[in-house]
Structure formats: structure tokens, C-alpha cells
S.K.: 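Can you read through this structure? Questions will come right after.
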Amino acid sequence: MANRDYTSRRMAIVNALVTKFKGINGNTPYRTNLYNNVQNRLLFWDEVQDFPSVHVSAGAETRDYQGGGYKDRFMTLTLRVYVQDDDAMSELEVLFEDIETVIEDNSRLLYVDRDNNNQYTQQITIISISSDEGALTPLGVGEVICEVRY
């Protein structure tokens, strides 16, 4: 099989980020222990069995064509976050902070494409953070939307 300049990298990026989130283990600098409860697909809150957990999914992808045949790719990532605690909102806020730490520390994320080549994202940016604002206590559901430029 011939190498391609542009292979689908969506799941490679998602899987690399999932691996990074699995490092949220309660040890410094993290305050939450995810116990490896991180998946590369979204689940609805009634499907979640283990708390806390993070579910990462690739969304829409766009291209920005530059001169000389170069193009930037932009992909939206959705992180759905679940906690269960009497103070679910506080637990959710702490997990949001841990997620932001991972993203900031890995904005230039190493991932491996389908041709087994090391690639890097150019930047991962958090676009929005939202929560259920306590409506489901003792459960807490949050969402982090990111843009990945690669």
C-alpha cells in the first residue's frame, strides 16, 4: 500500500487523547481519579455504569486550503463527562480542571496515522465547557467542546 499525504486521522487523534486522559489518576497535578474510565465514543448518561468517566468523540471536520497544496484540517471533538457524588457540581468542576490540564499540556499531541507515521496536532483549543448545572444530582453531566487543528 502506498503512503498518502492525507489519511484519515480522526480516530488516531481521538485514541491518542483518550490515552492522555487515562493518565488522570488522582496524583499531582490531577485531583480526580478516572480509574481508566475513558472511552473513544459517546454514551448517554443512562448507559454509563462507572463514575467518573470521560467519553471522547470526533465531530465535524473542515479544511482550510492554503497555497502550494497545503491544507489545515479542523476537527471538532466532544468530550462528555460524567460524575456521581452528593456534590456533583463540585466534582464536575474538578474534573473539568483536570481535562483542561491534559489539553493544555498536550496541545501539540503526538499521534500515529494509518501509515504508522508519527504526526502532531498543531493546536487543541477548548471552545466551550457546559454542565447540567445540578439538574441530575447526584449525577453530574458535562460537555467540553474542543477544536483540533492538524
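Quick note: residue numbers are just sequence positions, from 1.
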S.K.: For Thr137 and Gly134, indicate whether the former's side chain and the latter's backbone hold a donor-acceptor pair under 3.5 Å.
M.R.: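 Yes, because the side chain of Thr137 sits within donor-acceptor range (under 3.5 Å) of the backbone of Gly134.
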
S.K.: Do Val81 and Phe96 have side chains that approach each other closer than 4.5 Å (heavy atoms only, starting at C-beta)?
M.R.: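 A side-chain contact exists here, since the closest heavy-atom pair is under 4.5 Å.
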
S.K.: Would you name the heavy atoms of Pro138 and Ala88 that are closest together and state the gap between them?
M.R.: O-CB, 3.6 Å

S.K.: With distance as the sole test, does Ser57 use its side chain to make a donor-acceptor pair with the main-chain N or O of Arg41 at under 3.5 Å?
M.R.: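 Between the backbone of Arg41 and the side chain of Ser57 there is no qualifying donor-acceptor contact (under 3.5 Å).
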
S.K.: Would you say CG of Asn116 has more than 12 non-hydrogen atoms from neighbouring residues, nucleotides or ligands within 6.0 angstrom?
M.R.: no

S.K.: Quick one: do Lys20 and Val38 satisfy side chain to side chain contact (heavy atoms under 4.5 Å, CB included)? Show the steps, please.
M.R.: CA-CA 10 Å; Lys20 295 296 183 183; Val38 185; over 6 Å; no

S.K.: Are any side-chain N or O atoms of Asp98 and backbone N or O atoms of Thr32, one a donor and one an acceptor, separated by less than 3.5 Å?
M.R.: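 Looks like yes, one N/O pair under 3.5 Å.
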
S.K.: Please round to the nearest 0.5 Å and tell me the distance separating atom CG of Asn27 and atom CG of Asn25.
M.R.: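 Between Asn27 CG and Asn25 CG, I get 4.0 Å after rounding to 0.5 Å.
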
S.K.: Looking only at non-hydrogen atoms, find the nearest pair between Leu42 and Thr78 and report the distance.
M.R.: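 Heavy-atom minimum between the residues: CD2-O, 4.0 Å.
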
S.K.: Applying a strict under-4.5 Å side-chain criterion to I, L, V, M, F, W and Y, I'd like to know whether Tyr35 and Val56 cluster together.
M.R.: no

S.K.: To check you understand the geometry: which heavy-atom pair defines the closest contact between Ala16 and Leu109, and what is its length?
M.R.: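 It is CB-CD2, 3.9 Å.
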
S.K.: For the pair Asp113 (side chain) and Arg9 (backbone), establish whether a donor and an acceptor sit closer than 3.5 Å, ignoring hydrogens and angles.
M.R.: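 Between the backbone of Arg9 and the side chain of Asp113 there is no qualifying donor-acceptor contact (under 3.5 Å).
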
S.K.: What pair of heavy atoms forms the shortest contact from Ala58 to Leu77, and how long is it?
M.R.: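 Closest approach of Ala58 to Leu77: CA-CD2, 3.8 Å.
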
S.K.: Check the pair Ile24, Asn33 against side chain to side chain contact (heavy atoms under 4.5 Å, CB included), reporting the backbone distance first and the verdict last.
M.R.: CA-CA 6 Å; Ile24 298 176; Asn33 190 342; over 6 Å; no

S.K.: With distance as the sole test, does Thr19 use its side chain to make a donor-acceptor pair with the main-chain N or O of Asn15 at under 3.5 Å?
M.R.: yes

S.K.: Within this structure, what is the CD1-OG1 distance for the pair Ile103 and Thr125, rounded to the nearest 0.5 Å?
M.R.: 9.5 Å

S.K.: CD/Glu93 to CZ/Arg31 distance, rounded to the nearest 0.5 angstrom?
M.R.: 12.0 Å

S.K.: Check whether any side-chain heavy atom of Glu61 lies under 4.5 Å from a side-chain heavy atom of Arg10, and answer yes or no.
M.R.: yes

S.K.: To the nearest 0.5 Å, what is the distance between CZ on Phe44 and CZ on Arg80?
M.R.: 6.5 Å

S.K.: So, Tyr82 and Gln49: side-chain donor and acceptor under 3.5 Å apart, yes or no?
M.R.: no

S.K.: For the hydrophobic clusters of this structure (ILVMFWY residues joined by side-chain heavy atoms under 4.5 Å, transitively), does one cluster hold both Val18 and Met11?
M.R.: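 In one cluster: yes.
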
S.K.: Evaluate the criterion side chain to side chain contact (heavy atoms under 4.5 Å, CB included) for residue pair Ile145 and Thr76; output intermediate values, then yes/no.
M.R.: CA-CA 7 Å; Ile145 305 296; Thr76 301; 3.8 Å; yes

S.K.: Should the heavy atoms of other residues, nucleotides or ligands under 6.0 Å from CG of Asn118 be counted, would the total exceed 12?
M.R.: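 Result for CG/Asn118: enclosed.
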
S.K.: Under the criterion side chain to side chain contact (heavy atoms under 4.5 Å, CB included), I'd like the reasoning laid out for Thr62 against Asp64: C-alpha separation, chi angles, the key distance, then a yes or no.
M.R.: CA-CA 7 Å; Thr62 60; Asp64 185 11; over 6 Å; no

S.K.: Applying salt bridge (Lys or Arg N to Asp or Glu O under 4.0 Å) to Asp72 and Arg149, what does each step give before you reach the verdict?
M.R.: CA-CA 7 Å; Asp72 286 321; Arg149 179 181 184 167; 2.7 Å; yes

S.K.: Are Ser53 and His55 close enough that a side-chain donor and a side-chain acceptor fall under 3.5 Å?
M.R.: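 Looking only at side-chain atoms, His55 and Ser53 do form a donor-acceptor pair, the distance falling under 3.5 Å.
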
S.K.: So do the side chains of Val83 and Leu95 get within less than 4.5 Å of each other, counting heavy atoms only?
M.R.: yes

S.K.: Can the positive tip of Arg108 be found less than 6.0 Å from the middle of the six-membered ring of Tyr120, inside 45° of the ring normal?
M.R.: yes

S.K.: When you group the ILVMFWY residues by side-chain heavy-atom contacts below 4.5 Å and let the links chain together, are Ile126 and Phe74 in the same group?
M.R.: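 Looking at the clustering, Ile126 is in a separate group from Phe74.
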
S.K.: Are Leu34 and Val54 side-chain neighbours, meaning at least one heavy-atom pair lies under 4.5 Å?
M.R.: yes

S.K.: Can you tell me how far the SG atom of Cys146 sits from the CD1 atom of Ile127, to the nearest 0.5 Å?
M.R.: 7.5 Å

S.K.: Mind checking the CG-CZ spacing from Asn36 to Phe21? Nearest 0.5 Å is all I need.
M.R.: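 Nearest 0.5 Å value for the CG-CZ distance: 13.5 Å.
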
S.K.: Considering non-hydrogen atoms only, spot the tightest contact between Met89 and Ser131 and give its length.
M.R.: CE-OG, 3.2 Å

S.K.: For the residue pair Tyr111 and Val14, establish whether any side-chain heavy-atom pair is separated by less than 4.5 Å.
M.R.: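 Counting from C-beta outward, Tyr111 and Val14 never come under 4.5 Å.
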
S.K.: Tell me whether Ile99 is reachable from Val94 by hopping between hydrophobic residues (I, L, V, M, F, W, Y) whose side-chain heavy atoms are closer than 4.5 Å.
M.R.: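 Not linked; separate clusters.
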
